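In what follows, a single structure is set out as structure tokens and then discussed.
As the structure is a prediction and not an experimental result, all values here were calculated from the model. In each ligand, atom 1 is the first atom listed, and ligand 1 is the first ligand listed. Computed from heavy atoms alone, side chains included, the values below leave out hydrogens, waters and symmetry copies.
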Amino acid sequence: MSRAALAILSTENLLHNLDVIKNHAPNSAVIAMIKANGYGHGLRSTAMRLEKYVYSLGVASIDEALALRKVNIKIPITLMEGVFEPNELLVAACENFHVVFHEQSQLEWIKTASLPCPLTAWLKVDTGMGRLGFTLDRAQDAYTQLAAHPLINQPIGIMSHFGCSDEIDHPLNQTQINNFTHFIQGKSGIKSFCNSAAIFSFKDHQYDVVRPGLALYGVSPIPTISAAQLGLKPVMTLQTRLMAVRDVSKGSSLGYGARFICPNDMRVGVIAMGYGDGYPRTARDGTPILVNGIRCPLVGRVSMDMITVDVTSCPNPQVNDPVVLWGNGLPIEEVSQYTEQCPYDMLTAVQSRVKFHWTLAI
Ligand SMILES: Cc1ncc(COP(=O)(O)O)c(C=O)c1O
């Protein structure tokens, strides 16, 4: 049998999560965020499953957008960071990529662009996150320029992004809401503000289009509320099998750096998964792993291709027994508490040598 590092991806759960999101934002269209290789789930395969059900797909670069057109994705694709050089404007116009404008240089490029057809544009306003977008003192001028441009479909959209939506009581949220509400006053055109956490926490500010990422993949975007409480189901189950079972005596050390010293005689399983597959090397002793459906603690440092796990509490563990690292039965949010990483890091880190199997071919 070949190496069994697998990511099982559930089409049913992806579409279920989309329904949950739509039920929370019944009056908003959806830009499904599939940048960064579909949050580690696969750019094209995720897009193909969502295309029929969403308004647009959100990507970070024109390369990601073109890869989607190559597999015949036809719906609008939103370049969340806009174009990175002027000649991308032509490609965007021809391919119906919706373009975010967040920077003065992008306004200069569109001024001198010659396009065969008009472009759909979003103005990105920095309402307080302090990352991307026109600051409030400059946003009105940028809006006026885009709104007067003959090559841009009118009215333009306006979007902003929360910096702390996963902390509902963070004071920055209200500041951003106030700034956005003030800026959009009297401006027609579609508006968009909410990522996953904001969809659940700021229902009054969902506007015309919401932009879920993490929640689509079945992970809770709010640390104090579980995915199950929100009705979300994990799309990815990262799994493998036991490749060796060993009896180890009290006082022996396990793995690199001899980080773990066995406190008793123990039975230790070696599993076919490591940081070379994307499993976090930072995982501490005690990180939960399901072996045969039983929660067992990781012991010893994660190596490139293997992890050691204490299977003493498993009745009769055998080579080839199934192992789940996260997903069904073991929420990634819970595993992340032992890894000093968050689910975003962990999902996007899964490597291509892991075999990806989607349920329900399309
Ligand atoms: C502009 C923008 N909107 C929406 C999202 C989706 O965020 P989340 O995955 O938290 O839903 C992101 C993610 O980085 C983003 O940058």
Counting only heavy atoms and a distance below 4.0 Å, can you name the residues contacting ligand 1?
Met33, Lys35, Tyr39, Met80, Lys124, Arg131, His161, Asn195, Ser196, Arg211, Pro212, Gly213, Leu214, Tyr344
Can you find a pair of side-chain heavy atoms, one from Pro76 and one from Phe97, that are under 4.5 Å apart?
no
Return yes if a side-chain donor-acceptor contact under 3.5 Å exists between Lys111 and Gln106, otherwise no.
no
Check whether any side-chain heavy atom of Arg281 sits under 4.5 Å from a side-chain heavy atom of Met304, and report yes or no.
no
Around atom CZ of Phe84, are there more than 12 heavy atoms of other residues, nucleotides or ligands at under 6.0 Å?
yes
Compute both the distance and the angle, then confirm whether Lys187 meets the cation-pi test with Phe183: under 6.0 Å from the six-membered ring centre, within 45 degrees of the axis.
yes
Please identify which of these residues, Ile261, Val268, Val270, meets the side chain to side chain contact (heavy atoms under 4.5 Å, CB included) condition with Leu254.
Val268
